[in-house]
Amino acid sequence: MSPSRGSRRPIHPLPLRIMHWLNAIAIVTLIGSGLEIYDASPFLPVTFPQWLTIGQWLGGAIAWHLAAIWLLVLNGIGYLIWGTASGHFRRKFFPLTPRAVLRDAWAAIRFRLPHEVGVYNAVQRLLYLGVILLGMLAVLSGLAVWKPVQLWFLSDLFGGFFDSRVVHFCAMAGISAFLLIHIALVALVPRVLPAMITGGRLPEAQH
């Protein structure tokens, strides 16, 4: 192996890439099946078209939803453990300050925000941390909706069964918004996608 190749590491390590795509499968399945469950008993004056949903009927949607939630939970726990133990969170998400977020947000609005592969700007750091918290909120509120009697303490925490549904819906709406922004950014900067598939290579000095 040449010295130049030996001094380079993957932009995205293999564990991160595996967990990223498992998470994508879980989230898309949860959103699609969740919309079908919502349509069966909507609490807003709006329903969603059938082509956006997964499951085709309430029972099928619930089955898909329960399967995907355990994939999300197990994958999420693995991600939190790996991200903490490997230093990924410390390197990629911090430091994070309001001033840096405002600076990078203003640069992004003017289309002057530089994008380096493997480096998160302050806005990206805030969004990633935010979607992790939204994921936790969605899981907890979802459990409160699923088992309101057995998990009464969670149901009470969110204000009861109906309020738990609202919180769960809002959390998933926030995750959906993040997903749309994430896909839009990949479409605008497509060179970042191959690294999430193959790992890519980045000089050691940039890690």
Side-chain angles (χ1 to χ4, degrees), residues 16-79 105 108-109 111 115 123-124 126-151 154-155 157-197:
L16 179 64
R17 302 199 308 272
I18 292 174
M19 290 183 287
H20 173 274
W21 292 113
L22 287 177
N23 202 53
I25 293 170
I27 288 294
V28 170
T29 304
L30 284 167
I31 292 173
S33 57
L35 294 180
E36 180 68 30
I37 296 171
Y38 166 86
D39 280 353
S41 180
F43 56 82
L44 293 174
V46 62
T47 57
F48 297 92
Q50 192 72 35
W51 61 268
L52 273 178
T53 68
I54 294 175
Q56 302 306 309
W57 63 294
L58 180 58
I62 291 175
W64 278 106
H65 210 67
L66 292 178
I69 191 61
W70 293 119
L71 174 60
L72 179 71
V73 168
L74 294 175
N75 193 55
I77 291 173
Y79 175 65
I109 291 172
F111 297 99
H115 190 94
V123 175
Q124 287 175 304
L126 180 64
L127 288 174
Y128 280 120
L129 288 172
V131 80
I132 290 173
L133 294 177
L134 282 175
M136 294 178 180
L137 182 61
V139 169
L140 293 175
S141 58
L143 290 174
V145 172
W146 181 40
K147 297 289 186 180
V149 177
Q150 295 88 337
L151 300 176
L154 280 180
S155 183
L157 176 65
F158 294 114
F161 177 78
F162 177 77
D163 288 347
S164 297
R165 280 196 72 197
V166 174
V167 171
H168 188 64
F169 182 88
C170 291
M172 290 305 295
I175 293 172
S176 299
F178 168 86
L179 187 60
L180 292 175
I181 294 172
H182 187 60
I183 293 173
L185 290 176
V186 171
L188 290 173
V189 191
R191 61 190 174 88
V192 303
L193 181 59
M196 188 51 75
I197 299 173

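We're numbering straight along the sequence, starting at 1. None of the values given here were measured: they were computed from a predicted structure.
Legend: residues meeting side chain to side chain donor-acceptor pair (under 3.5 Å) with S33, ordered by chain and number and at least two apart, are H65. When the side chain to side chain contact (heavy atoms under 4.5 Å, CB included) test is applied to L143, the partners found at least two apart in sequence or on another chain are V139, W146, L151, L154. For T29, there are no side chain to side chain donor-acceptor pair (under 3.5 Å) partners, not counting sequence neighbours. When the side chain to side chain contact (heavy atoms under 4.5 Å, CB included) test is applied to P42, the partners found at least two apart in sequence or on another chain are Y38, T47. The side chain to side chain contact (heavy atoms under 4.5 Å, CB included) search around L180 returns none, not counting sequence neighbours. With sequence neighbours excluded, the residues forming a ring pair (Phe, Tyr, Trp, His ring centres under 6.0 Å) with Y79 are F89, listed by chain and number.
Taking every heavy atom of both residues into account, F158 and S164 meet most closely at CB-OG, 3.4 Å. R165 and S41 make their closest contact through NH2-O, 2.8 Å (heavy atoms, listed as atom of the first residue, atom of the second, distance). Between I54 and A61, the shortest heavy-atom distance links the atoms O-CB, 3.6 Å. Taking both residues in full, the closest heavy atoms of A138 and M172 are given as CB-SD, 3.9 Å, listed atom of the first, atom of the second, then distance. Closest approach of G174 and L134 over heavy atoms only: C-CD1, 3.7 Å.
Atom CG of N75 is separated from atom CH2 of W70 by 14.0 Å, given to the nearest 0.5 angstrom. Residue D39 holds its CG atom at 7.5 Å from CD of Q50, rounded to the nearest 0.5 Å. For the atom pair I69 CD1 and L66 CG, the distance stands at 8.5 Å (nearest 0.5 Å). Note: F169 CZ to L35 CG = 7.5 Å, rounded to the nearest 0.5 Å. Note that CG of L133 is 10.5 Å distant from CD1 of I175, once rounded to the nearest 0.5 Å. Taking NE2 from H182 and CD1 from I27, the interatomic distance works out to 11.5 Å, rounded to the nearest 0.5 Å.
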- Item | Check against side-chain contact (heavy atoms from CB on, under 4.5 Å), L179 and I31 | CA-CA 11 Å; L179 187 60; I31 292 173; 4.2 Å; yes
- Decide side-chain contact (heavy atoms from CB on, under 4.5 Å) for W64 and Q56; before the verdict, give the C-alpha distance in whole Å, the side-chain angles of both, and the deciding distance to 0.1 Å. CA-CA 10 Å; W64 278 106; Q56 302 306 309; over 6 Å; no
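Judged purely by atom type and a 3.5 angstrom limit, W21 uses its side chain to pair as donor or acceptor with the backbone of M196.
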